[in-house]
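Sequential numbering from 1 along the given sequence is applied to the chain's residues.
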Amino acid sequence: MKRTMPAPWTLIPDADLSARNTFGVAARAPLLAEVHDPAALPGLFTDPRFDAGRAMVLGGGSNLLFAADPDGPLVALAAGGMRIVGDDGRNVVVRFDAGASWHGCVMWSLAQGLGGLENLALIPGTAGAAPIQNIGAYGVEVGEHVVAVEAFDTRSRAMLRFTGDECGFAYRDSRFKREPDRYIVTAVELALSRDAEPRLDYAGIRDELAAMGVDAPTPALVAEAVVRLRRRKLPDPAVVGNAGSFFKNPIVPAPVAQALAAGHPGLPVYRGDGEGTRKLSAAWLIEACGWKGYRDGDAGVSAQHALVLVNHGGATGAQLLALARRIAASVQERFGVPLEPEPRIVGASW
């Protein structure tokens, strides 16, 4: 009997996206392509049913706001493998397929006895989205560990491999984010270690470990502390729709930060992306403007964390975007500091 090979992709017309974005806002795509094998991407982009010129990549939907329906097809990668591809006994290179759950990747690496990603535990989304956003938390960015990113270039219709240096990582940024939808990340390779020194200097981690009774922290225990912190400070998207931190922490010239700190005692100020810049706490600025816990209909700001916009049930993406703009305008007016959104906004510009 001749065996029938599974189709490399599945096409879903008029796809409902409400369960595919963590804000839980209603949206529909004219077509959604679920790709089971990244090697099939060149074929998909020549399929006459697929409008390749307007295609957009969809990961876990955790860093996305649908302010309107997308006007072209979406591509979602389903492959979620995790494996070791290099090992010298101490230093290890792991490979994650783009469709893998990021938190699942972190926990898998810890189960292999590998450190380096523990501070990035419980960040929602997929492994493929991690290098695009250069996700970071508690003093660590994923770009620090990236050895290579493999991606499909929708222009040349070729599979490419970028070294970490070629990814152009910056604060919550990368070459992939700067050219949205040109590259479809299919896999990421990361350098980890069996004897990594835990990063404990970011605010809250040492205190949480102390509360856990830990005096000799391992990467797994640091991950547990991070998970406890995030669950306490951030709302669960499964309970109330949100995309985590909505705004980036603004980076300003050092003299500007110094003047703001002098006029506003308590404003947290951190080192920026160089000696001449400083990073300000967007959450502090927003809370100082009175937005924490604010609600306008079903669009609101979390009472747990001022950086998190929430959908209490029936908010539209347009309503959440309007609220975000009001928040940014108030911070600009009071402090003279512009805020930029972290999530990608579909159907509108910032």
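With values rounded to the nearest 0.5 angstrom, Leu339 atom CG is found 8.0 Å from Ser330 atom OG. Note that OG1 of Thr46 and CG of Leu44 are 8.0 Å apart. Values are rounded to the nearest 0.5 Å. Of the inter-residue distances, the one linking Cys289 atom SG with Tyr294 atom OH reads 13.5 Å to the nearest 0.5 angstrom. Atoms CD and CZ, on Glu342 and Phe247 in that order, are 10.0 Å from each other to the nearest 0.5 Å. Taken to the nearest 0.5 Å, the OG atom of Ser156 stands 6.5 Å off from the CZ atom of Arg182. Expressed to the nearest 0.5 Å, how far CZ of Phe23 lies from CG of Leu321 amounts to 10.0 Å.
In this pair, Tyr270 and Tyr202 present their aromatic rings parallel. The plane angle is below 30°, not in the 30 to 60° band.
Contact check on Arg161 versus Glu150 returns a salt bridge, with a Lys/Arg side-chain nitrogen under 4.0 Å from an Asp/Glu carboxylate oxygen. Between Asp236 and Arg231 there is no salt bridge, since none of the side-chain N atoms of the basic residue sits less than 4.0 Å from a carboxylate O of the acidic one. Ion pairing between a basic and an acidic side chain is recognised when a charged N comes within 4.0 Å of a carboxylate O; Arg83 and Asp97 show such pairing. Between Arg232 and Glu208 there is a salt bridge, since a side-chain N of the basic residue sits under 4.0 Å from a carboxylate O of the acidic one. The pair Asp298-Arg295 meets the salt-bridge criterion, with a side-chain N (NZ, NE, NH1 or NH2) lying under 4.0 Å from an Asp/Glu carboxylate O. Here Asp173 does not pair with Lys248 in a salt bridge; the nearest charged N to carboxylate O distance is not below 4.0 Å. A salt bridge links Asp201 and Arg206; the closest N-O separation between the charged side-chain nitrogens and carboxylate oxygens is under 4.0 Å.
With a 4.5 Å cut-off on side-chain heavy atoms, Tyr183 and Phe162 count as touching. In this structure, Arg230 and His103 have side chains that are not in contact, with every pair of non-hydrogen atoms separated by 4.5 Å or more. The shortest side-chain heavy-atom distance between Lys233 and Gln304 does not fall under the 4.5 Å cut-off. Put simply, the side chain of Val75 reaches to within 4.5 Å of the side chain of Leu41, judged on heavy atoms. Side-chain contact between Asn242 and Ser302 is absent, with no heavy-atom pair separated by less than 4.5 Å. At a threshold of 4.5 Å between non-hydrogen side-chain atoms, the residues Glu141 and Leu120 do not count as touching. Between Leu74 and Arg20 there is no side-chain heavy-atom pair separated by less than 4.5 Å. Between Val25 and Thr316 there is no side-chain heavy-atom pair separated by less than 4.5 Å.
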| said: I'd like to know whether Asn134 forms a side chain to side chain contact (heavy atoms under 4.5 Å, CB included) with Arg172, so could you lay out the CA-CA distance, the side-chain angles of the two residues, the decisive distance to 0.1 Å, and finally the verdict. | reply: CA-CA 5 Å; Asn134 189 19; Arg172 302 296 181 270; 5.8 Å; no

| field | Test log, rule side chain to side chain contact (heavy atoms under 4.5 Å, CB included), inputs Leu280 and His264 | value | CA-CA 12 Å; Leu280 307 179; His264 303 280; over 6 Å; no

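Shown here is Gln112, whose CD atom has more than 12 heavy atoms of other residues, nucleotides or ligands within 6.0 Å. Within a 6.0 Å radius of CD in Glu166, other residues, nucleotides and ligands contribute more than 12 heavy atoms.
Side chain of Arg228 to main chain of Met212: no donor-acceptor pair is present (N/O by atom type, distance under 3.5 Å, no hydrogens or angles). One N or O on the side chain of Asp181 and one on the backbone of Val57 form a donor-acceptor pair closer than 3.5 Å. Ser174 places a side-chain N or O within donor-acceptor distance of the main-chain N or O of Ile132, the cut-off being under 3.5 Å. A donor-acceptor pair is defined here as one N or O able to donate and one able to accept, closer than 3.5 Å; no such pair exists between the side chain of Glu144 and the backbone of Val142. Under a 3.5 Å cut-off, the side chain of Trp350 and the backbone N or O of Glu340 do not form any donor-acceptor pair. Arg157 places no side-chain N or O within donor-acceptor distance of the main-chain N or O of Pro42, the cut-off being under 3.5 Å. A donor-acceptor pair under 3.5 Å links the side-chain atoms of Arg278 to the main chain of Glu275, judged by distance alone. When atom types are taken as modelled, the side chain of Thr22 and the backbone of Pro237 share no donor-acceptor pair closer than 3.5 angstrom. Counting only distance, with no hydrogens or angles, the side chain of His36 and the backbone of Trp9 share no donor-acceptor pair below 3.5 Å. Side chain of Arg199 to main chain of Asn119: no donor-acceptor pair is present (N/O by atom type, distance under 3.5 Å, no hydrogens or angles).
Here the closest heavy-atom approach between residue Leu11 and residue Leu31 is recorded as CB-CD1, 4.1 Å.
In the model, Asp165 has no side-chain atom that pairs as donor or acceptor with a side-chain atom of Thr163 under 3.5 Å.
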